[in-house]
2 protein chains.
Amino acid sequence: MVLKLRKKVDALPGCPMSKCMDLIGGCWTPEVLWSLSEGSRRFSELRRDNPFISAKVMTSRLRDLEQRGVLTRRVIPTSPPTVEYELTGVGKELLPAIRSIVDVGTRLLLRDRENELSGKKGDKQSLL
Amino acid sequence: MVLKLRKKVDALPGCPMSKCMDLIGGCWTPEVLWSLSEGSRRFSELRRDNPFISAKVMTSRLRDLEQRGVLTRRVIPTSPPTVEYELTGVGKELLPAIRSIVDVGTRLLLRDRENELSGKKGDKQSLL
DNA sequence: GATAGCAGTTTCCATTTGGTTACTGGAAAA
DNA sequence: TTTTCCAGTAACCAAATGGAAACTGCTATC
């Protein structure tokens, strides 16, 4: 994934897009939210869900999201320790946006496949 | 806004989210798409729509989007020259995702305001 | 005894990135 | 005559960021 997050820049007050992007924007953030959309998950599960996210970034993203009130982190004192991540109410409110992104992506992939089948590769007309 | 774009990282083939984020991800990209959602706009109009986007980034983002087939750039040879940007079919397919992001942001802002009015500032319960 | 798994943390690195400022050249308006 | 507008471009900078690899302590399993 291709999103980065800048901590120095705050969301523009009163701007809806800014408000939402402040929470879902950030490298790999949409993926993490997507993994949590079905329910709580543990750190290692999240890592297996998204093998391209390094441990460092995963940790960093989870901490960010926790601090912003998007998810909760619950440590279960077993040995080895278990940690459960779960979306908060705010986190769940983000899901329609995430789903919409996935839907659009699905449609675009379909479009690609159709264009390939009909030999329109590189056909500018197919873009319009 | 708080998104960056990395050109070296390609979209994961066959991944819907990656496919979509590859197009809408990037600093200020959602804002630009939003500005173009109602129809074509000129460079200076886009700049006025989004006074926080520097000229350099605006140009860079528009070029990226053009290259990815999200929008078209049409130069009208007047003096001073006029340039019109307009979403392609692919670009228009992105709009549901953008709208969803704005909707979610709007709902979150409303939620904030309600919590402020009812004096729930800092009330953890209001997050769940 | 060695390894694997849990949930990270730490260090080091290169790269990317966006911001800022200055500049273009022609035309129209003040 | 100077300024403004159009649509950018070029150069320089510092900050932020993600990746890779090594390491932690503890337990259960092979």
Side-chain angles (χ1 to χ4, degrees), chain A residues 1-12 18 21-22 24-32 35-36 40-67 71-86, chain B residues 1-12 18 21-22 24-32 35-36 40-67 71-86:
Chain A
M1 262 301 74
V2 289
L3 294 179
K4 279 189 184 177
L5 172 71
R6 307 190 69 213
K7 284 176 187 155
K8 285 288 180 60
V9 182
D10 286 328
L12 277 71
S18 193
M21 291 309 293
D22 198 46
I24 72 171
C27 200
W28 302 112
T29 303
E31 281 77 359
V32 172
S35 285
L36 287 168
S40 72
R41 280 185 99 50
R42 295 160 52 181
F43 188 82
S44 57
E45 292 176 319
L46 291 171
R47 291 225 59 199
R48 265 179 251 120
D49 290 345
N50 308 279
F52 295 113
I53 312 182
S54 69
K56 180 190 157 188
V57 171
M58 180 67 83
T59 306
S60 157
R61 222 59 352 147
L62 290 169
R63 293 288 188 281
D64 290 345
L65 291 170
E66 187 192 5
Q67 201 215 318
L71 52 79
T72 54
R73 179 174 180 271
R74 190 162 51 94
V75 183
I76 300 160
T78 53
S79 188
T82 300
V83 182
E84 292 243 317
Y85 293 93
E86 192 170 10
Chain B
M1 262 299 74
V2 291
L3 293 179
K4 280 189 182 175
L5 173 71
R6 306 190 68 213
K7 284 174 187 156
K8 286 288 181 61
V9 182
D10 287 327
L12 278 71
S18 192
M21 291 308 294
D22 198 45
I24 71 172
C27 201
W28 303 111
T29 303
E31 282 76 359
V32 173
S35 285
L36 288 167
S40 73
R41 279 185 100 51
R42 294 159 52 179
F43 187 81
S44 56
E45 292 176 319
L46 291 172
R47 291 225 58 199
R48 265 179 251 122
D49 290 346
N50 309 278
F52 296 114
I53 312 183
S54 69
K56 179 189 159 190
V57 170
M58 180 67 83
T59 307
S60 157
R61 221 61 351 146
L62 289 169
R63 294 287 189 282
D64 291 344
L65 291 170
E66 187 192 5
Q67 201 214 318
L71 52 79
T72 54
R73 178 175 181 271
R74 191 161 51 95
V75 183
I76 301 158
T78 54
S79 187
T82 301
V83 181
E84 292 244 317
Y85 292 93
E86 192 170 11

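Order of the sequence lines sets the chain letters (A, B, ...), proteins ahead of strands, with each chain counted from 1.
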Take the protein atom [atom1] of [X] and the nucleotide atom [atom2] of [N], then report the distance between them rounded to whole Å.
X	N	atom1	atom2	result
A:F52	D:dG19	CZ	C1'	14 Å
B:N50	C:dG19	CG	P	12 Å
A:I76	D:dT27	CD1	P	17 Å
A:I53	D:dG18	CD1	C1'	12 Å
B:M58	C:dG18	CE	P	13 Å
B:L46	D:dA7	CG	C1'	12 Å
B:F43	D:dC5	CZ	P	15 Å
A:K56	D:dA22	NZ	C1'	14 Å

Using the side chain to side chain contact (heavy atoms under 4.5 Å, CB included) rule, take A:F43 and A:L62 through it: C-alpha gap first, then chi angles, then the decisive distance, then the call.
CA-CA 9 Å; A:F43 188 82; A:L62 290 169; 3.8 Å; yes
Could you say whether B:R73 or A:V57 is positioned toward the 5' end of DNA chain D, judged by the nucleotide with the nearest heavy atom to each?
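Between the two, 5'-proximity favours B:R73.
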Show your reasoning for whether side chain to side chain contact (heavy atoms under 4.5 Å, CB included) applies to B:I53 and B:V32.
CA-CA 9 Å; B:I53 312 183; B:V32 173; 4.2 Å; yes
So does [X] get a side-chain nitrogen or oxygen closer than 4.0 Å to the phosphate oxygens (OP1/OP2) of [N]?
X	N	result
A:S54	D:dA20	no
A:R48	C:dA7	no
B:R47	D:dC5	no

Set out, in order, the CA-CA distance, both residues' side-chain angles and the distance that settles side chain to side chain contact (heavy atoms under 4.5 Å, CB included) for B:I24 and B:M21, then state yes or no.
CA-CA 5 Å; B:I24 71 172; B:M21 291 308 294; 4.0 Å; yes
As a test of reading the structure: which of [options] is closest to the side chain of [X], going by heavy atoms?
X	options	answer
A:A55	C:dG8, D:dG8, C:dG19	C:dG8
A:S44	C:dG8, D:dT9, C:dA7	C:dA7
B:R42	C:dG8, C:dT20, D:dC6	D:dC6

So A:L36 and A:L46, side chain to side chain contact (heavy atoms under 4.5 Å, CB included) or not? Walk me through it.
CA-CA 8 Å; A:L36 287 168; A:L46 291 171; 4.1 Å; yes
Once salt bridge (Lys or Arg N to Asp or Glu O under 4.0 Å) is applied, do any residues pair with A:E84, and if so which ones, sequence neighbours excluded?
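Partners of A:E84 under the salt bridge (Lys or Arg N to Asp or Glu O under 4.0 Å) test: A:R74.
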Got B:F52 and B:N50 here, is their nearest side-chain heavy-atom distance under 4.5 Å?
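The answer is no; the side chains never approach within 4.5 Å.
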Anything under 3.5 Å between a protein N or O and an N or O of nucleotides 24-29 of chain C, put it in a table, one pair a line.
none

Could you measure the distance from the CZ atom of A:R42 to the CZ atom of A:R48? Nearest 0.5 Å is fine.
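Rounded to the nearest 0.5 Å, the CZ-CZ separation comes to 7.5 Å.
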Under 4.0 Å, heavy atoms only, any strand: does B:T82 hit a base, just the sugar-phosphate, or nothing?
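If one applies the 4.0 Å heavy-atom cut-off, B:T82 turns out to touch the sugar-phosphate alone, with no base involved.
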